[in-house]
Amino acid sequence: MKKTIMVAGLVATALLTSGCSDNEVGDVSLGVFTTKDIKLNTLVDPLVPGVTCHIASIEADLSLADPSDSSISCRQTGEITHDMIAKIDKSKSGEVVFKKSKSIFFKTMKIRRIYDPASETLMYLSYSTKETSGSYKHSLSTVPLWGTKAYVPKDVTPQSAQ
């Protein structure tokens, strides 16, 4: 009896957490005989609001764990300034700008922003925190700063570029 109540509670939790989020912009069914859908979400970078990412991932209704596959595409959709870039984490591992639970068993999809100073490019890495089929699923998109107010030519220092 306790196991039945616990499983019912887990299923209810999965149903509640798999509902539409405020950043969902698309929902594509994978067919009549499956409970899996491709969810399309939009993410505006909180520190660099001139960048918008679209993430596609599979969600399964009535499942305790969603598949780890995801895809990401990021583009410049507004102004990107030197002040915005100055505020981001510039370490090699960057920083997490978005995360979403994909399982009640500690699997998470994360989006990490990493700055490449050599090419003056923002990289957005989507990845799963649990190994699936012998692999950690991941996808990468880049946003070059060339042509933005944040771009600094190699022969100019940031102070003189402003």
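The structure displayed is predicted, hence computed values, not measured ones.
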Q. What do the steps show when you test Thr148 against Gln76 for side-chain contact (heavy atoms from CB on, under 4.5 Å), and what is the final call?
A. CA-CA 9 Å; Thr148 71; Gln76 178 186 353; 3.3 Å; yes
Atom pair [atom1] ([X]) and [atom2] ([Y]), whose distance is rounded to the nearest 0.5 Å:
X: Lys39; Y: Asp27; atom1: NZ; atom2: CG; answer: 3.5 Å
X: Lys110; Y: Ser126; atom1: NZ; atom2: OG; answer: 12.0 Å
X: Asp116; Y: Lys92; atom1: CG; atom2: NZ; answer: 8.0 Å
X: Thr42; Y: Ile55; atom1: OG1; atom2: CD1; answer: 7.0 Å
X: Cys74; Y: Leu125; atom1: SG; atom2: CG; answer: 10.0 Å

Q.
Do Val51 and Ile88 sit in one hydrophobic cluster, given that two such residues count as connected whenever their side-chain heavy atoms are within less than 4.5 Å of each other, even indirectly?
A. yes
Q | In one Ile/Leu/Val/Met/Phe/Trp/Tyr side-chain cluster, 4.5 Å: Leu47, Phe98 | A | yes
Between [X] and [Y], is there a donor-acceptor pair closer than 3.5 Å when you use the side chain of the first and the backbone of the second?
X: Arg112; Y: Ser93; value: yes
X: Ser91; Y: Asp89; value: no
X: Glu79; Y: Gly50; value: no

Looking only at heavy atoms, what is the nearest atom pair of [X] and [Y], with distance?
X: Thr81; Y: Lys149; answer: CA-CB, 4.2 Å
X: Glu120; Y: Pro153; answer: OE2-N, 4.4 Å
X: Ile72; Y: Ser139; answer: N-OG, 3.3 Å

Q: Using the side-chain contact (heavy atoms from CB on, under 4.5 Å) rule, take Ile85 and Leu122 through it: C-alpha gap first, then chi angles, then the decisive distance, then the call.
A: CA-CA 9 Å; Ile85 302 304; Leu122 296 173; 4.1 Å; yes
Q: In sequence, state the C-alpha distance, the side-chain angles, and the governing distance for Leu145 and Tyr115, and then conclude on side-chain contact (heavy atoms from CB on, under 4.5 Å).
A: CA-CA 10 Å; Leu145 298 181; Tyr115 178 66; 3.7 Å; yes
(Q) For Lys90, I'd like to know if atom NZ has over 12 heavy atoms of other residues, nucleotides or ligands within 6.0 Å. (A) yes
Below 4.5 Å, heavy atoms only, C-beta onward: do [X] and [Y] meet side chain to side chain?
X: Val48; Y: Arg113; result: yes
X: Tyr124; Y: Asp45; result: yes
X: Val28; Y: Asp37; result: no
X: Met84; Y: Pro49; result: yes

Q) How would you list, by chain and number, every residue that makes a side chain to side chain donor-acceptor pair (under 3.5 Å) with Ser141, sequence neighbours excluded? A) none
Q: Kindly write out the residues that satisfy side chain to side chain contact (heavy atoms under 4.5 Å, CB included) with Leu40, not counting sequence neighbours, or none if the list is empty.
A: Val25, Ile38, Ala56
(Q) Walk me through whether Val143 and Thr121 qualify under side-chain contact (heavy atoms from CB on, under 4.5 Å). (A) CA-CA 6 Å; Val143 178; Thr121 299; 5.7 Å; no
